[in-house]
Amino acid sequence: MKIVNTFISDQKIPEYTFVALHQLRKTNPEIEIDFICKDIGPYESFFDKRRINWVPQNSIKSNLIDEFNSLSWLKEWGTPSTSHQSPEYFFHRAMERIYYLEAYLSQNNLSNIYHTENDVLIYGDLYDLDEITSSTKKIWLTPMGDCQTTFAFVYIPTAEQLTGVCKEFNSLLEHGDDFLKNTYHLDMVNEMSLLHVLSLQEYFSKFPILPDIKHRYVFDPGSYGQYLGGTNNGHTPGFTDHKHIIGREIMDENIVPYFDEEHKKPLIFKQPVQTAEAFVQPPPQKYELFNLHVHSKKLEKFV
């Protein structure tokens, strides 16, 4: 097993990335971690201390990357205006990093890989997930809404599977922005909406994002982190989005996310359905969040 994370940009690594990497090493002390970026700058000691391998971005080449860059129009959308400055060409880079990840896995014939985004905190041991991921041989990721599936927390069994995703992405991009929006009823074309399109074709398995008695852990595509920590668009904690699967459940008060300050971990309380025969409402059931996707980038509040 290996973790491979990325920061594909000409800019310096954002500070919140180091909080996420520190937490990742803390909860997974023995797993090898590789980090792909252009330059680690003055942070060599940080990487060395936590045994994180720097992979120079410029050392990775592939025809799929070149093809994506020739097809993509996402650079035209520039950088979103957010409370925490987003990297240049944000939408393009968010998809491009999947191609760099694919190229690195393919070049090194890697398998059994986890990938997390740089504003995602991990609270559990990745080896504990073998029972879930061994049930199918597909890529595992987290659906967020009716038209969005995130690449925030991903399990990739083999490099070949991610190669297939990148090839499908390029095939879709060839059709152009208007065609994709109209055909698949998308508000915007980005990596999340195209992952959703592929999920409709059953490309992926899905980590459980809602409490389920069959699973110890619940996984966050982004909605729990937005509720607990606010967003990068100025929303304060308590924010929910009705377009999100989790957001609707929170609005309906079926679930309540909570951060346990004492033990420094996020939890979910689910209210059991009360039967007509019950005289007393049963207590809420408690579930652990395996990861927290902190959209506000204020990760230090949750470690």
Side-chain angles (χ1 to χ4, degrees), residues 16-17 19-28 83-84 114 116-129 131-132 140-146 148-150 152-155 206-275 278 280-303:
Y16 59 81
T17 301
V19 181
L21 289 173
H22 177 78
Q23 176 74 4
L24 182 56
R25 175 51 79 207
K26 177 182 175 182
T27 52
N28 290 268
S83 55
H84 191 290
Y114 279 93
T116 67
E117 292 180 355
N118 296 325
D119 56 355
V120 172
L121 294 167
I122 302 299
Y123 295 93
D125 187 330
L126 290 168
Y127 283 107
D128 288 345
L129 305 185
E131 185 176 354
I132 295 176
W140 287 77
L141 33 64
T142 47
M144 183 160 69
D146 298 329
Q148 293 179 319
T149 295
T150 76
F153 182 80
V154 189
Y155 173 68
K206 301 171 183 178
F207 286 111
I209 64 170
L210 296 173
D212 186 333
I213 196 170
K214 294 181 293 185
H215 300 291
R216 171 185 174 185
Y217 290 114
V218 180
F219 298 82
D220 182 19
S223 309
Y224 293 116
Q226 290 186 2
Y227 179 83
L228 291 172
T231 78
N232 200 18
N233 301 315
H235 300 107
T236 58
F239 172 77
T240 54
D241 190 331
H242 72 278
K243 294 182 180 179
H244 292 188
I245 299 165
I246 293 164
R248 292 192 290 265
E249 292 292 315
I250 295 174
M251 290 177 184
D252 291 341
E253 300 182 345
N254 294 324
I255 56 175
V256 178
Y258 170 77
F259 188 74
D260 182 344
E261 291 284 355
E262 180 182 357
H263 299 98
K264 295 297 181 182
K265 63 172 55 178
L267 305 170
I268 301 168
F269 291 97
K270 178 182 179 182
Q271 187 62 51
V273 177
Q274 186 171 15
T275 64
V280 179
Q281 176 72 19
Q285 298 162 335
K286 184 171 69 174
Y287 293 83
E288 296 180 59
L289 269 169
F290 190 88
N291 70 300
L292 191 66
H293 188 175
V294 187
H295 192 265
S296 66
K297 309 299 186 282
K298 297 176 181 178
L299 279 67
E300 64 279 355
K301 295 171 59 176
F302 301 103
V303 295

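Listed here is the closest heavy atom pair of Y224 and F219: CE1-O, 3.8 Å. Taking each heavy atom of V218 and Y287 in turn, the nearest pair found is CG2-CB, 3.9 Å. Minimum interatomic distance between P143 and I209 (heavy atoms only, all atoms of both residues): O-CD1, 3.4 Å. In this structure, H263 and D260 approach most closely via the heavy-atom pair ND1-OD2, 2.9 Å. Pairing each heavy atom of P221 with each of H293, the nearest pair is O-ND1, 2.8 Å. Looking at every heavy atom in both residues, L121 comes nearest to A20 through CD2-CA, 3.9 Å.
L21 CG to Y16 OH: the interatomic distance, rounded to the nearest 0.5 Å, is 11.0 Å. Rounded to the nearest 0.5 angstrom, Y155 OH and L141 CG are separated by 13.0 Å. Atom CG of D220 is separated from atom CZ of F153 by 11.0 Å, given to the nearest 0.5 angstrom. In this structure, the separation between NZ on K301 and CG on L228 is 9.0 Å, given to the nearest 0.5 Å. For the atom pair CZ (F259) and NZ (K265), the distance works out to 10.0 Å, reported to the nearest 0.5 Å. With rounding to the nearest 0.5 angstrom, the OG1 atom of T240 is 8.0 Å from the OH atom of Y227.
For residues 245-256, the pairs satisfying side-chain hydrogen bond (donor to acceptor under 3.5 Å, both in side chains) are D146-R248, E249-N254, with sequence neighbours left out.
Contact check for H242 versus M251: side-chain heavy atoms found under the 4.5 Å cut-off. With a 4.5 Å cut-off on side-chain heavy atoms, Y217 and D128 count as touching.
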Audit row: F290, L129, side-chain contact (heavy atoms from CB on, under 4.5 Å) steps and yes/no = CA-CA 10 Å; F290 190 88; L129 305 185; 3.8 Å; yes
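Under a cut-off of 6.0 angstrom, the local environment of NZ in K243 is sparse, with at most 12 non-hydrogen atoms contributed by other residues, nucleotides or ligands. The 12-atom threshold is not exceeded at NZ of K286, counting heavy atoms of other residues, nucleotides or ligands nearer than 6.0 Å.
H244 contributes no side-chain N or O that, together with a main-chain N or O of M144, makes up a donor-acceptor pair within less than 3.5 Å. Here the side chain of N28 pairs a donor or acceptor atom with the backbone of G124 at under 3.5 angstrom. Between the side chain of Q23 and the backbone N or O of I122 there is at least one donor-acceptor pair closer than 3.5 Å.
Put simply, the residue from L289, N291, L292 that forms a side chain to side chain contact (heavy atoms under 4.5 Å, CB included) with Y123 is L292. Here the options are T17, D119, T231, the test is side chain to side chain donor-acceptor pair (under 3.5 Å), and the partner is K297; only D119 passes.
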